[in-house]
*Asks:* 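Let me give you the structure first, and then I'll get to my questions.
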Amino acid sequence: MNCLHCFTKFGMILLGFTLCVGCSGQKDKDLPATISVKGVVTYQGKPVPDAMIMLYPVQGRKPASGKADASGNFTMTTFEKDDGVIPGEHKVTVTAYESTSEGVSMKSAIPEKYTYQNSSPLTVTVSESENELKLELVD
C-alpha cells in the first residue's frame with residue numbers, strides 16, 4: 001500500500017513537471033519572426049469600429065488578423081495574441097458591418113471591394129520601419 005502511494009505521488013509530480021515544461025509559453029523556434037504592427041482604419045475620414053482586418057502575405061505564409069476597437073485602432077496577430085505580422089508585402093482586406101438598434105446587420109459598412117483579396121486595392125509592406133498602418137478606405 002505504501003509503495004502504491006509513493007508511486008502515485010511520484011506520478012503526479014512527474015505529470016505536473018511535464019505539463020509545466022509543455023506549457024512554458026516559449027515561442028516555437030520553427031515559426032517565422034513577426035514584427036509588432038498597430039494601426040487605424042477609417043472610411044471617409046471616420047473610424048471603422050469593429051472592423052476585421054486581414055493581412056495576407058504575398059509569399060503565401062500565414063495571414064495576420066486584427067479587430068478594430070470603437071476608434072478604429074487595431075493590433076495585429078499571426079501566431080499569438082498581438083505578436084504582429086510576418087515581414088514583407090501583404091494584401092489587405094477589411095470587413096465591417098453596420099450596427100443597428102437590434103445589433104449588427106449583414107449590410108457592409110464599407111465598400112465591399114475591401115472585403116475580398118481579389119478586389120481589395122490595399123497592399124502594405126511590413127518592416128521594422130513600416131509597422132504602423134493607416135488604412136484609409138474610400139468609395
Side-chain angles (χ1 to χ4, degrees):
M1 181 87 163
N2 275 345
C3 281
L4 181 59
H5 179 70
C6 289
F7 181 73
T8 303
K9 197 174 195 179
F10 176 74
M12 294 302 284
I13 291 171
L14 185 59
L15 178 63
F17 177 74
T18 303
L19 289 174
C20 287
V21 170
C23 301
S24 65
Q26 292 181 347
K27 193 171 178 180
D28 187 342
K29 293 177 185 175
D30 294 333
L31 296 176
T34 56
I35 296 173
S36 177
V37 173
K38 295 180 181 191
V40 63
V41 58
T42 60
Y43 173 52
Q44 297 180 336
K46 297 177 184 165
V48 182
D50 300 319
M52 185 65 171
I53 297 93
M54 296 291 298
L55 271 61
Y56 297 93
V58 171
Q59 296 300 322
R61 292 195 160 194
K62 186 168 176 20
S65 63
K67 183 166 184 196
D69 62 16
S71 300
N73 296 304
F74 60 87
T75 303
M76 299 303 294
T77 296
T78 299
F79 302 107
E80 299 173 358
K81 183 170 174 21
D82 300 337
D83 66 346
V85 178
I86 297 169
E89 188 178 354
H90 299 264
K91 187 72 169 183
V92 181
T93 63
V94 180
T95 306
Y97 297 100
E98 289 183 359
S99 294
T100 66
S101 57
E102 293 86 35
V104 177
S105 77
M106 291 307 293
K107 184 176 180 194
S108 184
I110 59 174
E112 287 194 25
K113 66 183 177 183
Y114 294 106
T115 304
Y116 306 102
Q117 272 185 277
N118 60 353
S119 61
S120 177
L122 300 174
T123 59
V124 296
T125 300
V126 173
S127 67
E128 288 290 340
S129 62
E130 296 289 331
N131 64 345
E132 294 237 355
L133 305 180
K134 194 169 189 179
L135 306 176
E136 297 174 341
L137 313 181
V138 296
D139 287 323

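Residues take their numbers from the sequence shown, with the count starting at 1. Note: hydrogens, waters and symmetry copies are ignored here, and every other heavy atom, side chains too, is used.
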*Asks:* Mind listing the closest non-hydrogen atom pair of V48 and A96 along with its distance?
*Replies:* CG1-CB, 3.5 Å
*Asks:* Does K46 have any salt bridge (Lys or Arg N to Asp or Glu O under 4.0 Å) partners at least two apart in sequence or in another chain, and if so, which?
*Replies:* none
*Asks:* Same cluster or not: V138 versus V92, using hydrophobic residues (I, L, V, M, F, W, Y) connected whenever any side-chain heavy atoms lie under 4.5 Å apart?
*Replies:* yes
*Asks:* When rounded to the nearest 0.5 angstrom, what is the spacing between OG1 in T95 and CE in M52?
*Replies:* 8.0 Å
*Asks:* For residues T77 and E80, report the shortest heavy-atom separation together with the two atoms involved.
*Replies:* CG2-O, 3.0 Å
*Asks:* Might you work through the side chain to side chain contact (heavy atoms under 4.5 Å, CB included) test for V124 and E130, ending with a clear yes or no?
*Replies:* CA-CA 9 Å; V124 296; E130 296 289 331; over 6 Å; no
*Asks:* Can you give me the closest heavy-atom contact between V41 and F74, atom names plus distance?
*Replies:* N-CE2, 3.8 Å
*Asks:* Checking the side chain of T34 only, and the main-chain atoms of V85 only, is there a donor and an acceptor separated by less than 3.5 Å?
*Replies:* no
*Asks:* With the side chain counted from C-beta on, respond yes when L133 and L55 share a heavy-atom pair under 4.5 Å apart, and no when they do not.
*Replies:* yes
*Asks:* Once side-chain hydrogen bond (donor to acceptor under 3.5 Å, both in side chains) is applied, do any residues pair with D139, and if so which ones, sequence neighbours excluded?
*Replies:* Y43, Q44
*Asks:* Quick check for you: to the nearest 0.5 Å, what is the distance between I35 atom CD1 and D83 atom CG?
*Replies:* 11.5 Å
*Asks:* When clusters are formed from ILVMFWY side-chain contacts under 4.5 Å, directly or step by step, what else is grouped with V40?
*Replies:* none
*Asks:* Would you say the side chain of I86 lies within less than 4.5 Å of the side chain of V126, judging by non-hydrogen atoms?
*Replies:* no
*Asks:* Sequence neighbours left out, what pairs pass side chain to side chain donor-acceptor pair (under 3.5 Å) with at least one residue falling in residues 119-128?
*Replies:* S127-S129
*Asks:* Under the salt bridge (Lys or Arg N to Asp or Glu O under 4.0 Å) test, which residues partner E136, sequence neighbours left out?
*Replies:* K134
*Asks:* For the atom pair OG1 (T42) and CG (L137), what is the distance rounded to the nearest 0.5 Å?
*Replies:* 6.0 Å
*Asks:* Quick check: closest heavy atoms across Y114 and L122, and the distance to 0.1 Å?
*Replies:* CD2-CD1, 3.7 Å
*Asks:* Can you list the residues that meet the side chain to side chain contact (heavy atoms under 4.5 Å, CB included) rule with K81, with sequence neighbours excluded?
*Replies:* none
*Asks:* Locate the shortest heavy-atom distance separating S108 from E98; write the atom from each residue and the value.
*Replies:* O-OE2, 3.8 Å
*Asks:* At what distance, to the nearest 0.5 angstrom, does CD of E112 lie from NZ of K107?
*Replies:* 10.0 Å
*Asks:* Only distances under 3.5 Å count here; give the side-chain donor-acceptor pairs of residues 56-71 to other protein atoms, sequence neighbours excluded, each with its distance to 0.1 Å.
*Replies:*
unit_1	atom_1	unit_2	atom_2	d
K62	NZ	T78	O	3.4
D69	OD1	S71	N	2.9
D69	OD1	G72	N	3.1
D69	OD1	N73	N	2.9

